[in-house]
Asker: 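The structure that follows is given in the form of structure tokens.
Along the sequence shown, the residues carry numbers beginning at 1. Remember, it's 1-based here, ligands and their atoms both numbered in the order they're listed. Values below: all heavy atoms of this structure, side chains included; hydrogens, waters and symmetry mates excluded.
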Amino acid sequence: MGTLRDLQYALQEKIEELRQRDALIDELELELDQKDELIQKLQNELDKYRSVIRPATQQAQKQSASTLQGEPRTKRQAISAEPTAFDIQDLSHVTLPFYPKSPQSKDLIKEAILDNDFMKNLELSQIQEIVDCMYPVEYGKDSCIIKEGDVGSLVYVMEDGKVEVTKEGVKLCTMGPGKVFGELAILYNCTRTATVKTLVNVKLWAIDRQCFQTIMMRTGLIKHTEYMEFLKSVPTFQSLPEEILSKLADVLEETHYENGEYIIRQGARGDTFFIISKGKVNVTREDSPSEDPVFLRTLGKGDWFGEKALQGWTCNPFRTMGL
Ligand code: CMP
């Protein structure tokens, strides 16, 4: 028969077991809260993508219907930084406004842009220009900063305060300091996709559409001019018509490789044509896995490789390594 001491011991064990379970439940609840938060964040991001994709799709449907009825086509929906009738001369004369700000505010704006899915891929020089151009704006509690359906003209970064974002009367989220909002209408040339109201007094930084577009287009045009000059410096491309060179310059992208890094691997699927603007690469071919690769040649500035993949080959016949 168990003694009182045995019973006390068993009770202690059960209490300890319960304590451990409670601790585990607390831990799981915390994990659940974090997952809920992540789901909410991803849901918001998805909603944002949907709100810019849907108007574009609806517009495309409307357009194909109107084209069938013989109406003229309107310009396609696109990110608004597309070069239009401007040229680099026009834009290089535009002086952008400059608003001094503290290092903390500059950092806050930069970090907010890098944290925004739609703006984080801007070049650092563009982000710097946006930071310089932004001017301070303040709103009192319960003010409407952005109204859904309106034509948008400003992009904001919140320095201080809290706002609520709603769509068709339904709350989407609240946002605090260090967040960008109002970017969708400017980037996608659509009307405001949601309403943004203040919950407390807020301090914002704002940039207008024109400055924003000048920054985007100027960088795009400078890059285009640089790429055209580069292509014209490559003997093989010199005889190509200006129009073809310009199309090539439109699709060129700069990529960097470290010394010794493989650029393409023999046998891997190839879909990229490379032109070397700086540095050297070695081309080698492996005839059998048991033998060392055979060195074929070294390529340098103005040489190109990867063209076989574009000519319909599915696999790279050689491998190329940065030097
Ligand atoms: P814009 O459409 O210019 O104006 C309303 C802004 O609300 C929008 O840009 C985004 O910055 C923001 N917004 C729209 N939808 C969402 C969402 N689902 N979650 C968070 N912010 C949003």
Side-chain angles (χ1 to χ4, degrees), residues 34-60 62 75-82 108-122 126-127 130-131 133-217:
Q34 285 167 346
K35 295 234 157 99
D36 276 349
E37 224 171 90
L38 182 66
I39 291 172
Q40 187 58 51
K41 192 169 168 253
L42 293 174
Q43 184 64 51
N44 275 341
E45 271 160 29
L46 192 67
D47 285 347
K48 276 176 96 173
Y49 279 109
R50 282 205 181 116
S51 56
V52 284
I53 289 166
R54 209 177 290 134
T57 323
Q58 281 165 358
Q59 188 162 328
K62 242 195 272 168
K75 198 176 179 307
R76 74 191 163 91
Q77 185 110 9
I79 290 197
S80 63
E82 246 181 68
L108 176 127
I109 299 174
K110 187 175 157 203
E111 291 307 317
I113 293 174
L114 292 174
D115 181 53
N116 181 282
D117 272 343
F118 296 83
M119 294 176 76
K120 65 181 170 202
N121 292 326
L122 297 186
Q126 291 176 315
I127 297 180
I130 295 174
V131 169
C133 277
M134 288 197 117
Y135 59 89
V137 186
E138 292 191 13
Y139 280 92
K141 186 173 184 282
D142 297 325
S143 314
C144 180
I145 307 175
I146 289 179
K147 191 160 166 269
E148 186 178 346
D150 277 0
V151 172
S153 60
L154 297 169
V155 182
Y156 301 94
V157 170
M158 178 134 46
E159 162 101 35
D160 212 6
K162 196 171 181 187
V163 295
E164 183 181 71
V165 185
T166 56
K167 192 177 177 77
E168 291 161 7
V170 179
K171 179 178 161 183
L172 295 177
C173 66
T174 57
M175 277 195 270
K179 290 283 170 200
V180 171
F181 62 91
E183 77 287 22
L184 299 184
I186 312 301
L187 284 171
Y188 291 91
N189 257 332
C190 57
T191 52
R192 294 294 197 189
T193 60
T195 295
V196 182
K197 280 190 177 147
T198 60
L199 296 173
V200 292
N201 292 348
V202 300
K203 282 189 184 162
L204 307 169
W205 294 101
I207 180 170
D208 67 50
R209 179 188 282 268
Q210 213 185 341
C211 283
F212 189 80
Q213 286 183 333
T214 303
I215 293 169
M216 307 298 282
M217 287 194 281

Asker: Would Gly182 count as a contact of ligand 1 if the rule is a heavy atom under 4.0 Å away?
Answerer: yes

Asker: Give the contacting part of Asn44 toward ligand 1: side chain, backbone, both or neither, where contact means a heavy-atom distance below 4.0 Å.
Answerer: both

Asker: What about Ser51: any of its N or O atoms under 3.5 Å from an N or O on ligand 1?
Answerer: no

Asker: Using heavy atoms and a threshold below 4.0 Å, how should the contact between Val165 and ligand 1 be classified: side chain, backbone, both, or neither?
Answerer: side chain

Asker: Could you list which atoms of ligand 1 come closer than 4.0 Å to a heavy atom of Arg192?
Answerer: 1 (P), 2 (O), 3 (O), 4 (O)

Asker: How long is the span from the NZ atom in Lys167 to the CZ atom in Arg50, to the nearest 0.5 Å?
Answerer: 11.0 Å

Asker: Once you restrict to heavy atoms under 4.0 Å, what part of Thr193 touches ligand 1? Side chain, backbone, both or neither.
Answerer: both

Asker: Below 3.5 Å, N or O to N or O, backbone or side chain included: is there any such pair between Ala185 and ligand 1?
Answerer: yes

Asker: Look only at the side chain of Asn201 and the backbone of Lys141, and say whether a donor-acceptor pair between them is shorter than 3.5 Å.
Answerer: yes

Asker: Under 4.5 Å between any side-chain heavy atoms of Val163 and Met158, yes or no?
Answerer: yes

Asker: Record the part of Cys173 in heavy-atom contact with ligand 1 below 4.0 Å; permitted values are side chain, backbone, both and neither.
Answerer: side chain

Asker: Please answer whether the main-chain N or O of Pro136 pairs with a side-chain N or O of Lys203 as donor and acceptor at a distance below 3.5 Å.
Answerer: no

Asker: Could you check whether atom CD of Gln210 has more than 12 heavy atoms from other residues, nucleotides or ligands sitting under 6.0 Å from it?
Answerer: no

Asker: Hey, is ligand 1 close enough to Glu183 that some N/O pair sits below 3.5 Å?
Answerer: yes

